[in-house]
Number of protein chains: 2
Amino acid sequence: MRPEERLLLSNQLCFPIYRCARRIIRAYAPLLRDLGLTYTQYIVMMVMWERHEIEEKELCSLLDLDSGTLSPLIRKLESRKLLSKHRLDSDGRVLVLETTDEGMALRKQALSVPVGMACAMKLESMDEALDLKRRVDKLSKALSESMG
Amino acid sequence: MRPEERLLLSNQLCFPIYRCARRIIRAYAPLLRDLGLTYTQYIVMMVMWERHEIEEKELCSLLDLDSGTLSPLIRKLESRKLLSKHRLDSDGRVLVLETTDEGMALRKQALSVPVGMACAMKLESMDEALDLKRRVDKLSKALSESMG
DNA sequence: TGTGATTTAATTGTATGCAATTTAATTTGC
DNA sequence: GCAAATTAAATTGCATACAATTAAATCACA
């Protein structure tokens, strides 16, 4: 391919992924509206439902988001009483997040969200989803490694 | 899969795509720094390099971004004199964007960007890229259709 | 043991995204 | 012809993302 052709929007791989990610977030919005969550808040709660207790540092690492993004978001979830915060006695730097009962209760309401998304995505089979996930993860890993 | 399992981060398809998109934008950042462009500004310029002249409405549609995002961004590119704006004589609502000479000159500098990204993505073959693109586009289209 | 380096969060500043609203121009129906 | 509906951008308000900086706590080690 000529260098100029590589600058055509139609020859991009990154743009479709970027567009798909935005469409995913848009598709989640109506499903999450009932829960009063945004997509980013939802994936944080997803971790909180699974782990009940987690250090902010590990949450940042799991979601690949930094404290600049998560600090204010955690404050909002705390003010909604979906989680609580405390510092480790043994190390005052470490912030521990804990899922509240109210936070766990929200999980029941969230059970319908994956169903709604599966419908919106119109995937033909579990294999199709797993294969796409594998390919995306491979690219994601390569990008992550090349960034140091 | 049990409903609860569908709420595990590790069982998500959407999260990896969302994470990949963010890593893509992060990987572009150092390559675009020399050009003084962000990723979103870069894809706008990509269209401007190809089309020279385009209505804002069509640009919104091509990039799947709305005027709330593009209006301020276009203002910035205009203030950098990479493009110019004028309204249609025949219809004062329509904003037409035109690539300036300075905007076209930036294209030369941008020729190395796709090379840098190809390197960061470590793709094994053109086929691998095309296949991923096709699968992502299929999901993207399904989401778009289910949104109306 | 004291101090410089390191680690963890929070904060700051800039740039998106996008829903909802507003503004201005045009088109439609009658 | 003209009021109502429609269309295209711009604006507003809110929620991320993220680089860079700051602040606080701990660690390393001479």
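Because the structure is a prediction, the values reported are computed rather than measured. Naming convention: chains lettered A, B, ... in sequence-line order (proteins, then strands); numbering from 1 in each chain.
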S.K.: Enumerate donor-acceptor pairs with a distance under 3.5 Å from any side-chain N or O in residues 15-22 of chain B to protein atoms, sequence neighbours excluded.
M.R.:
| from | atom 1 | to | atom 2 | distance (Å) |
| --- | --- | --- | --- | --- |
| B:Arg19 | NH2 | A:Asp137 | OD1 | 3.2 |
| B:Arg22 | NH1 | A:Asp64 | O | 2.7 |
| B:Arg22 | NH2 | A:Leu63 | O | 2.9 |

S.K.: According to the salt bridge (Lys or Arg N to Asp or Glu O under 4.0 Å) rule, which pairs have a member within residues 45-56 of chain B, sequence neighbours left out?
M.R.: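 Output for this query lists B:Arg51-B:Glu58.
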S.K.: Using a 3.5 Å cut-off and no angle test, enumerate the donor-acceptor pairs between side-chain atoms of residues 69-76 of chain B and protein atoms at least two apart in sequence or in another chain.
M.R.:
| from | atom 1 | to | atom 2 | distance (Å) |
| --- | --- | --- | --- | --- |
| B:Thr69 | OG1 | B:Asp66 | OD1 | 3.4 |
| B:Ser71 | OG | B:Ser67 | O | 3.2 |

S.K.: For B:Lys138, give me all partners under salt bridge (charged side-chain N to carboxylate O under 4.0 Å, His left out), at least two apart in sequence or on another chain.
M.R.: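 For B:Lys138, the residues satisfying salt bridge (charged side-chain N to carboxylate O under 4.0 Å, His left out) (neighbours in sequence not counted) are A:Glu124, A:Glu128.
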S.K.: Return the polar atom pairs (N/O with N/O) between nucleotides 23-27 of chain D and the protein under 3.5 Å, or none.
M.R.:
| from | atom 1 | to | atom 2 | distance (Å) |
| --- | --- | --- | --- | --- |
| D:dA25 | O3' | A:Gly92 | N | 3.3 |
| D:dT26 | OP1 | A:Gly92 | N | 3.0 |

S.K.: Check whether any side-chain N or O of A:Thr100 sits under 3.5 Å from a backbone N or O of A:Lys81 as a donor-acceptor pair, and report yes or no.
M.R.: yes
S.K.: Which residue pairs pass the salt bridge (Lys or Arg N to Asp or Glu O under 4.0 Å) test when at least one of the two sits in residues 83-95 of chain A, sequence neighbours left out?
M.R.: A:Glu78-A:Lys85, A:Asp91-A:Arg93
S.K.: List in chain and number order the residues that pass salt bridge (charged side-chain N to carboxylate O under 4.0 Å, His left out) with B:Lys122, two or more places apart in sequence or in another chain; answer none if no residue qualifies.
M.R.: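 Salt bridge (charged side-chain N to carboxylate O under 4.0 Å, His left out) check on B:Lys122 returns nothing, list empty.
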S.K.: Does A:Arg87 reach a base, just sugar-phosphate, or nothing at all? Heavy atoms under 4.0 Å.
M.R.: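 The answer is sugar-phosphate, as A:Arg87 gets under 4.0 Å only of primed atoms, P, OP1 or OP2.
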S.K.: Enumerate the ring pair (Phe, Tyr, Trp, His ring centres under 6.0 Å) contacts for residues 42-95 of chain A, please, sequence neighbours excluded, ordered by first and then second residue.
M.R.: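 Residue pairs passing ring pair (Phe, Tyr, Trp, His ring centres under 6.0 Å), neighbours aside: A:Tyr28-A:Tyr42.
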S.K.: Send over the distance from B:Arg75 CZ to D:dA10 P, rounded to a whole Å.
M.R.: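 For the pair B:Arg75 CZ and D:dA10 P, the rounded distance is 8 Å.
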S.K.: Anything under 3.5 Å between a donor and an acceptor, one on a side chain of residues 108-118 of chain B, the other on a protein residue two or more places apart or in another chain? List them.
M.R.:
none

S.K.: Name all residues meeting the side-chain contact (heavy atoms from CB on, under 4.5 Å) criterion together with B:Ser144; count only those two or more places apart in sequence or in a different chain, and write none if there are none.
M.R.: A:Arg23
S.K.: Any chance you could list the contact pattern along nucleotides 14-21 of chain D? Use B for base contacts, S for sugar-phosphate-only contacts and - for none, protein heavy atoms under 4.0 Å, 5' to 3'.
M.R.: -SSBBB--
S.K.: Does anyone know the first and last nucleotide of DNA chain C in reach of chain A, 5' to 3', at under 4.0 angstrom to a heavy atom?
M.R.: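 The contacted stretch runs from C:dT7 to C:dA19.
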